[in-house]
Amino acid sequence: MRITPPVTEYRAPTPKDLQELKEHFGLSAYEMARLFAVQPEQWRKHTGGQVPREISVTRAFFMAAFQVLTDEEIERVVAYMASFGARWNMDADPPPRPEPRYRQRNEAS
């Protein structure tokens, strides 16, 4: 059994780092939120405002794992999760994209 190392020297990506990653992948903010497994509202808190929220090491690790592991390796991880009672249906459809909060300026009032 491998014990998780202590997280004592983690530096979270800055909002600029996250913007550059978003541009590198060519994704929307909604897609970036899904990539880091956060709600779209949470993604905005990580990328803006006077005091942006940091991406946790677990979120960063989760996103990176999905980028570098093969499908077979991810399936092995999910199967191991099931061995201790955690269930994850990775074939489930993603939640529908939320409606925009504000209408476009050119829409009729």
Side-chain angles (χ1 to χ4, degrees):
M1 172 178 56
R2 191 180 312 181
I3 303 296
T4 305
V7 180
T8 56
E9 294 189 22
Y10 169 71
R11 181 191 69 82
T14 66
K16 182 180 179 216
D17 293 331
L18 295 173
Q19 181 60 35
E20 289 173 358
L21 186 64
K22 179 180 178 288
E23 291 169 5
H24 171 77
F25 287 141
L27 298 177
S28 69
Y30 175 78
E31 292 165 327
M32 287 299 288
R34 287 199 45 219
L35 188 65
F36 279 91
V38 298
Q39 295 298 318
E41 298 79 24
Q42 296 301 313
W43 178 253
R44 284 190 286 280
K45 291 178 182 178
H46 291 294
T47 58
Q50 290 184 349
V51 184
R53 186 176 289 175
E54 289 187 345
I55 292 285
S56 71
V57 67
T58 53
R59 296 278 182 205
F61 189 90
F62 179 90
M63 185 285 292
F66 269 88
Q67 301 313 303
V68 301
L69 298 178
T70 66
D71 289 347
E72 293 78 22
E73 290 168 324
I74 291 171
E75 288 171 11
R76 281 183 48 219
V77 171
V78 172
Y80 183 73
M81 289 168 60
S83 77
F84 59 84
R87 302 283 188 260
W88 183 9
N89 180 4
M90 292 183 51
D91 295 325
D93 290 330
R97 187 173 182 161
E99 291 294 321
R101 289 186 171 174
Y102 306 101
R103 292 186 289 188
Q104 298 293 326
R105 287 183 180 255
N106 60 359
E107 288 184 27
S109 296

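Numbers here are sequence positions counted from 1. Side-chain atoms are counted along with the backbone in the values below, which use heavy atoms only and exclude waters and symmetry mates. Not measured: the values here are computed from a predicted model.
From E54, atom CD reaches atom OG1 of T14 across 10.5 Å, with rounding to the nearest 0.5 Å. Atom CD of Q19 and atom NZ of K16 lie 10.5 Å apart (nearest 0.5 Å). A distance of 8.0 Å separates CD in E31 from CZ in R34, rounded to the nearest 0.5 Å.
Evaluation of the side chain to side chain donor-acceptor pair (under 3.5 Å) rule for E9 yields no partner, not counting sequence neighbours. For E73, the side chain to side chain donor-acceptor pair (under 3.5 Å) partners at least two apart in sequence or on another chain are T70. With sequence neighbours excluded, no residue forms a side chain to side chain contact (heavy atoms under 4.5 Å, CB included) with R76.
Grouping Ile, Leu, Val, Met, Phe, Trp and Tyr residues whose side-chain heavy atoms lie under 4.5 Å apart, directly or via other members, leaves V51 alone, with no other cluster members. Grouped with M63 in one hydrophobic cluster are V7, Y10, L18, L21, F25, L27, M32, L35, F36, V38, W43, I55, V57, the linkage being side-chain heavy-atom contacts under 4.5 Å among Ile, Leu, Val, Met, Phe, Trp and Tyr residues.
Heavy atoms from other residues, nucleotides or ligands lying under 6.0 Å from CZ of F66 number more than 12.
Considering all non-hydrogen atoms of both residues, P52 and P15 come closest at CG-CG, 3.6 Å. Here the closest non-hydrogen pair linking A29 and K22 is N-CE, 3.5 Å.
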Return a table of donor-acceptor pairs under 3.5 angstrom between the side chains of residues 79-88 and protein atoms on other chains or two or more places apart.
unit_1: S83; atom_1: OG; unit_2: Y80; atom_2: O; d: 2.5
unit_1: R87; atom_1: NH1; unit_2: A82; atom_2: O; d: 2.9

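Of the possible donor and acceptor atoms, none in the side chain of E20 sits under 3.5 Å from a partner among the backbone N and O of D17.
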